[in-house]
Structure formats: C-alpha cells, structure tokens
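When reading the values below, keep in mind they use all heavy atoms of this one structure, side chains included, and skip hydrogens, waters and symmetry mates. Every chain is numbered from 1, with letters handed out A, B, ... down the list of sequences.
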2 protein chains.
Amino acid sequence: MSSKREALLSAAKDLLWEHGYEAMSPAKVLEASGAGQGSLYHHFKGKKDLALAALEQVSAEMQSEIRRLFDGTGRPLARVEEYLLSKRDGVKGSRLGRLALEYSILTDDELRQPIANYFSLVEEKIRNAVRDAAQLGLINPDLDADQVAVTLVAMIEGGFLLSRVHKNPAPMERAAQGALFMLRALATRDIPNWMKRTDAPAVTRRTPNA
Amino acid sequence: MSSKREALLSAAKDLLWEHGYEAMSPAKVLEASGAGQGSLYHHFKGKKDLALAALEQVSAEMQSEIRRLFDGTGRPLARVEEYLLSKRDGVKGSRLGRLALEYSILTDDELRQPIANYFSLVEEKIRNAVRDAAQLGLINPDLDADQVAVTLVAMIEGGFLLSRVHKNPAPMERAAQGALFMLRALATRDIPNWMKRTDAPAVTRRTPNA
DNA sequence: GTCTATACGATGATAGAC
DNA sequence: GTCTATCATCGTATAGAC
C-alpha cells in the first residue's frame, strides 16, 4: 500500500511546525521523508495539497487533545486551568498558531480553516466551562463567557509570540501564569459593566469567509 | 541625492507589514517603489540589508510612539490603559509582532533584534508604570511588575493573532478589553503568592543571543 | 544614481522508466 | 507506487551602459 504517504505527511507536519508553510519546500519534505518526487505527486496534487492534509491532521490531533482535556468531570474551571497550565515549548512555538500570521494563510481560506477550527474549538470549550461554572454559582453569571475565552487564548498565543521574539521560554510561562491569575480573579470579583454579557452572539464561534 | 532610497525603504516597510519578510521579494519592492534593480543594489547590500534598514526604521518609529505615550504625567496606570486601548487593525496585524513567528526571523538575530527591542521597551515602560503605581500606593506593592508587563503585551499580540486566524477584528478588541480588565483587577485585589515579586531579574529586559 | 540585461540557484511541477 | 530525469518560473544578485 502507501508506505511513503505516511512518511511524507509526517515530514510535512514537522516542517510546518518548524519552518512554517511558505518556507516548507517540497524538496525539504522529500529529504526529511526519504521519498522521491514521484511519491509526493502521486499521493498529493502538490505542495498545498500536502500541507493541507498535514494541517488537517495536526488540527484533528490537537482538537482531540482539547476534547480530552475538557471532557473531564471535575470543577468546570479546573479544566480551563489545566489547559492554561499545559506544558509548552515557548521558543518552538504554538503548533498551529505559529502559522497564523503568514500571508499565504491569511489569503488562502482552505489553509486557514484547520487552524481557525482548532482555535474556535478551544474558545468554545472555555466558553462552555465558564457558563457551566456560572450555572453552578462558581463564577459571576454576568460575565461574558466569550470575552473570557478569547482573552485567555490570546494570552497563551501572545506568550508564544513573546517567547519567540526574545528566544526565551520565560515569557510563555509568565503569560500562562497571568492567564491563570486572571481566571481566578474573574471567578471572585465584581464584573465591570463593559465586561458583562450582552445578547450579541459569540464573535469567534465560526469564522467568516470559510 | 538619493531619491529612490526613500522610495525603496518606504515600499519595503509596507511590504514587510503586509507580506512578512520571507514573502517580501526584491522584485515586489522594485515594482512598489518604481525603482530599478540598480537603485536597490546601489543603496543596499541586498534583500536582508534593505529589510533590516526598514525594520530598524519601523522599530524606531514605534518606540517613539511608545515613549510619547508613556512619558505623560497622569496616573501611572492611565498610561498603560492608553496603550491597551490604542486603535488597532486586528486583521492587518501587529506591525512588528506580525513578523515575530517567521523562521528567518528566529534564526537571524540581526533581523530579530529591532523587533525584540520594541517589545522590550513596551515591557519596560509597563513595568516602570506598575512600579510607580506601587510607590504611590495605587497598586499592591507585592505585585511582580515584570509578570504584569509580559502578560499584558501577550494579550495584545495574542489578540492580533486571533483576529488574523478568524479574519475578524473582534478578537483583537476583546483581548484589549480583557487586558484592561486584568490591569484594573490587579490594581485592587490581593495578589496570590506565585504572582509576587521575587529577587530574580526581569526575564525579558534584554534578549539573549543579541 | 539609475537603468537594462544577464546569470544562476531554488522552487514547484511534469514525464516517463521501472 | 516509486524512482530519476527534466522543465518553466521565480527569487536574488551581478555587470556594465548611461
């Protein structure tokens, strides 16, 4: 059967993480996988098709991980805390977030979608956990759950970015700690008016132009 | 004198913002600036030299803006709030942060430096404002000022990233609002032990390998 | 200082043998 | 399915005229 297909996909996943999409050349994929040109263009239509398959696989893996993390049975906010405190290599970067700023990703909705889907899921899981916590009286029910979700994810991804800029793992760790603190602060404080929930739908529930 | 030099630099600055470093080809710069090959390689040693000059100019401009913002005379934390609430185009992206995740930037310290310098300055200004606030009794003096600075900047840059992933300006705005809330929450609450200042130096004060 | 013409490797894809 | 040529194009830089 297709033995080289897996090798190509695996190499592409690694190279996407390390070099990004634009800098992932077919030649590098071939070298890393041990396959020849023929295998690549037999199993995939070209570079973009390979990258898309690899991205969808990475996105699926990471979504599984998120579901596993959030489908626990403890305190709702404990699951969020677990997400925030996951082990991360700040300098290596967020496996999907790392690609998010590339021009090719912004301009190609097919490539952007698996990345957006992952983040939409994380945001949704945090939103739901915050709502669950509110129903159980563990957090202020006036809190805008979507606002909280977006803010926490932004802290994590921003921490990755700063760690890379400074080539230093510390900012990632500090940002994650800051996110944890914010969550705990929110769980116990009065919420300012502008932070309160409105009837507007969640903004990042689904991505436009997808 | 050098009339085309400015045109080349200006075009490079725009293209770096829009396309990033890897996707900024000399050909595109020439087209956007109206200059020919000769001008480019007369004024600059090559693509990297041009990009470096452009990046340093952008970094200097943005550092001036930050100094202007933080050298005000109001409440120390008011300056930080002003930074957090600056107008931003989330989908277009952070002018310097946008480049931070590229492989070429990570692996070339010369290119990384102007970006890192900008973020180091922002972090330093926030740190100092938090310390000033502590001295004036406006914020808990046990707070780790560096932790706060890194966390707030991470929220802003993470907001940019999410806006780009979702092609939607809303996450950027929500992250900035969340950052504002966190700052205000910190100014009034008890600080958990792990958030407290230690004698360790600020981690991102200067970048390693620079 | 600026231009056009040219060189040359890398990128991304194709052709055809096995 | 996989391999080794081969190819057109682009990205980057140089040469030399004006």
Just how far, in rounded Å, is [atom2] of [N] from [atom1] of [X]?
{"X": "His43(B)", "N": "dC3(C)", "atom1": "NE2", "atom2": "C1'", "value": "12 Å"}
{"X": "Leu40(A)", "N": "dT4(D)", "atom1": "CG", "atom2": "C1'", "value": "15 Å"}
{"X": "Arg5(A)", "N": "dG1(D)", "atom1": "CZ", "atom2": "P", "value": "10 Å"}
{"X": "Leu15(A)", "N": "dG12(C)", "atom1": "CG", "atom2": "P", "value": "12 Å"}
{"X": "His42(A)", "N": "dG12(C)", "atom1": "NE2", "atom2": "C1'", "value": "19 Å"}
{"X": "Glu31(B)", "N": "dC3(C)", "atom1": "CD", "atom2": "P", "value": "14 Å"}
{"X": "Phe44(A)", "N": "dG12(C)", "atom1": "CZ", "atom2": "P", "value": "16 Å"}

Establish, from distance only, whether the side-chain atoms of [X] and [Y] form a donor-acceptor pair under 3.5 Å.
{"X": "Glu102(B)", "Y": "His19(A)", "answer": "no"}
{"X": "His166(B)", "Y": "Glu123(A)", "answer": "yes"}
{"X": "Gln147(B)", "Y": "Thr151(B)", "answer": "yes"}

Practice problem: Taking all non-hydrogen atoms of both residues into account, name the closest pair between Gln57(A) and Leu9(A) and its distance. | Solution: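 Of all heavy-atom pairs spanning Gln57(A) and Leu9(A), the closest is OE1-CD1, 3.3 Å.
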Quiz item: Do you know the tightest heavy-atom contact between Ile139(A) and Leu77(A)?
Solution: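 Between these two residues, the closest heavy atoms are CD1-CD1, 4.1 Å.
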Exercise. Side-chain contact test, heavy atoms from C-beta onward, threshold under 4.5 Å: evaluate it for Val165(B) versus Leu96(A) and give yes or no.
Key: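 Result no, sub-4.5 Å side-chain heavy-atom pair not found.
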Self-check item: Cationic tip of Lys47(A) above Tyr21(A) ring, under 6.0 Å, 45° of axis
Solution: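 Geometry flag: set, cation within 6.0 Å and 45°.
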Self-check item: Six-ring centre of Tyr103(B), Arg164(A) cation under 6.0 angstrom, axis tolerance 45°
Solution: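 Negative - Arg164(A) is either too far from the ring of Tyr103(B) or too far off its axis.
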Quiz item: Pick from Arg68(B), Arg67(B), Gln63(B): which one makes a side chain to side chain donor-acceptor pair (under 3.5 Å) with Glu65(B)?
Solution: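 It is Arg68(B), the one option of Arg68(B), Arg67(B), Gln63(B) that forms the side chain to side chain donor-acceptor pair (under 3.5 Å) with Glu65(B).
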Quiz item: Do Ser39(A) side-chain atoms and Ala35(A) backbone N/O form a donor-acceptor pair below 3.5 Å?
Solution: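 Absent.
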Quiz item: Can any side-chain N or O of Ser163(B) pair as donor or acceptor with the backbone N or O of Val91(B) at less than 3.5 Å?
Solution: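 Pair absent, no side-chain N/O of Ser163(B) close to backbone of Val91(B).
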Using a cutoff of under 3.5 Å, can you pull out all pairs of nitrogen or oxygen atoms linking the protein to nucleotides 9-12 of chain D, with atom names and distances?
unit_1: dT12(D); atom_1: OP1; unit_2: Lys47(B); atom_2: NZ; d: 3.1

Quiz item: Through what angle, rounded to 10 degrees, does the axis of the helix from dG1(C)-dC18(D) to dC18(C)-dG1(D) turn between its ends, using five pairs per end?
Solution: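 Answer for the end axes of this duplex: 0°.
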Quiz item: Are any of Lys45(B)'s side-chain N or O atoms less than 4.0 Å away from OP1 or OP2 of dA13(D)?
Solution: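 The answer is no; no side-chain N or O of Lys45(B) sits under 4.0 Å from OP1 or OP2.
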Quiz prompt | Most 5' of Ser39(B) and Ala23(A) on DNA chain C, judged by nearest nucleotide | solution =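 Result of the comparison: Ser39(B).
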Quiz item: Near DNA chain C, which residues from residues 48-55 of chain B have a heavy atom under 4.0 Å away?
Solution: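 Those residues: none at all.
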